[in-house]
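In each ligand, atom 1 is the first atom listed, and ligand 1 is the first ligand listed.
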Amino acid sequence: MAQLIDGKKISKEIKDELKEKVAAYKAQGKTAALAVIQVGEDPASSVYVNNKKKACEYIGIESLEFHLPEAITENELLVQIDKLNKDDKVNGILVQLPLPKHIDEEKVIQAISPQKDVDGFHPQSVGALTIGQKGFVSCTPAGIIELLKRSGIEIAGKECVVIGRSNIVGKPMALLLLRENGTVTIAHSKTADLRQVTKRADILVVAVGKPKMIDSSYVKEGAVVIDVGIHRNAENKLCGDVDFDDVVEHVSAITPVPGGVGPMTIAMLMHNCVSTMA
Ligand code: NDP
């Protein structure tokens, strides 16, 4: 029987630990505030922003919401970020992505002060991760490392394969697995023989962005499979990048969708915010 890696339970544990830490910091007179900027009316973004607000309330930090109109210019947004960078009351700044097409996301990410970059997307944060220095780490991959550790899954010495090389999931995931002494391979759309690569994996992290693409033919018997994907199928039900029902019989541990990686992203965002209070 495969071990189900319970992201809902583990993320709750993390948030409860953070809640205690925040209370202790508050007793020392320290506070924290997360500024969340949303541009436009994308319904999925509104759900994410609301969940972040709820998580802040739960652990006891202030959330400051900046809901800006879709038509805002890039410059107006950059001015808003600059104000927040200079505001001592604000410890963390997050710009909900995606942004409207007329705004350059890279420029916006780079405008956030690296000291307040709780999403871990700023080039300075990415550079720090690459050379093993302290800095904010992208929340989804950081959450996956916590899932593995708190489920008693050893990373050191294991063959780890990450499918996907995006800046927010695949690349930082590979760097974090390497930091934990895994032997890491990154696969992507130009990988010549994907199955041959993924079948080597003791730990397979799937961030391919294609519903149920990874079935049991890609997976080594007894592997650990982490499914980062989130999609809605034709019946409006959530599913991942992994064909869970086909794979589950063949693995030693697997994350479900929903309730696996998803809840960890916000828990690690909260972790990053609380780290600014130290
Ligand atoms: P991207 O679309 O940015 O990246 C997908 C990656 O998969 C690319 O590197 C691409 O390769 C690779 N790829 C695409 N097709 C294939 C293929 N046929 N074979 C091998 N590799 C392929 O996605 P993200 O990294 O942003 O997200 C991945 C998934 O994770 C999505 O489903 C997303 O919704 C989900 N997600 C979930 C989060 C959570 O909190 N749970 C947070 C963020 C994302 P190439 O580079 O060559 O194009």
Any chance the side chains of [X] and [Y] put a donor and an acceptor closer than 3.5 Å?
X	Y	value
S46	Q38	yes
D215	S217	yes
D246	S216	yes

Notebook entry, point to check: At a 4.0 Å threshold, what atoms of ligand 1 neighbour a non-hydrogen atom of V169?
Noted result: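 Contacts of ligand 1 toward V169, numbered from 1: 25 (O), 43 (C), 44 (C).
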Margin query: So is G262 touching ligand 1 or not, going by heavy atoms under 4.0 Å?
Written below: yes
Notebook entry, point to check: Does even one non-hydrogen atom of V261 get within less than 4.0 Å of ligand 1?
Noted result: yes
Please work out which of [options] has its closest non-hydrogen atom nearest to [atom].
atom	options	answer
atom 19 (N) of ligand 1	R165, K190, M173, M213	M213
atom 25 (O) of ligand 1	P141, G164, S166	S166
atom 22 (C) of ligand 1	T140, L97, D241, V208	V208
atom 21 (N) of ligand 1	K210, H231, H188	H188

Margin query: What I'd like to find out is whether the side chain of L175 reaches to under 4.5 Å of the side chain of T130, using heavy atoms alone.
Written below: yes
Notebook entry, point to check: So, do P211 and N233 sit near enough that their side-chain heavy atoms are less than 4.5 Å apart?
Noted result: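 No, side chains not in contact.
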Write out the residue and atom name of the closest protein heavy atom to [atom], then the distance separating them to 0.1 Å.
atom	value
atom 10 (C) of ligand 1	S189 N, 4.2 Å
atom 40 (O) of ligand 1	T265 OG1, 2.8 Å
atom 34 (O) of ligand 1	I230 O, 3.7 Å
atom 35 (C) of ligand 1	V228 O, 3.4 Å
atom 31 (C) of ligand 1	G209 CA, 3.6 Å

Notebook entry, point to check: What's the spacing between D82 CG and S113 OG if we round to 0.5 Å?
Noted result: 10.0 Å
Notebook entry, point to check: Once you round to the nearest 0.5 Å, how far does CG of L99 lie from CD of E70?
Noted result: 9.5 Å
Next item on the list: Look up atom 2 (O) of ligand 1 and tell me if a protein heavy atom lies less than 4.0 Å from it?
Entry: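 So atom 2 (O) of ligand 1 lacks protein heavy-atom neighbours under 4.0 Å.
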Check: If you link I, L, V, M, F, W and Y whenever their side-chain heavy atoms are under 4.5 Å apart, who else ends up in the same group as I186?
Finding: none
Checklist line | Side chain T255, main chain I226, donor-acceptor under 3.5 Å | finding: no
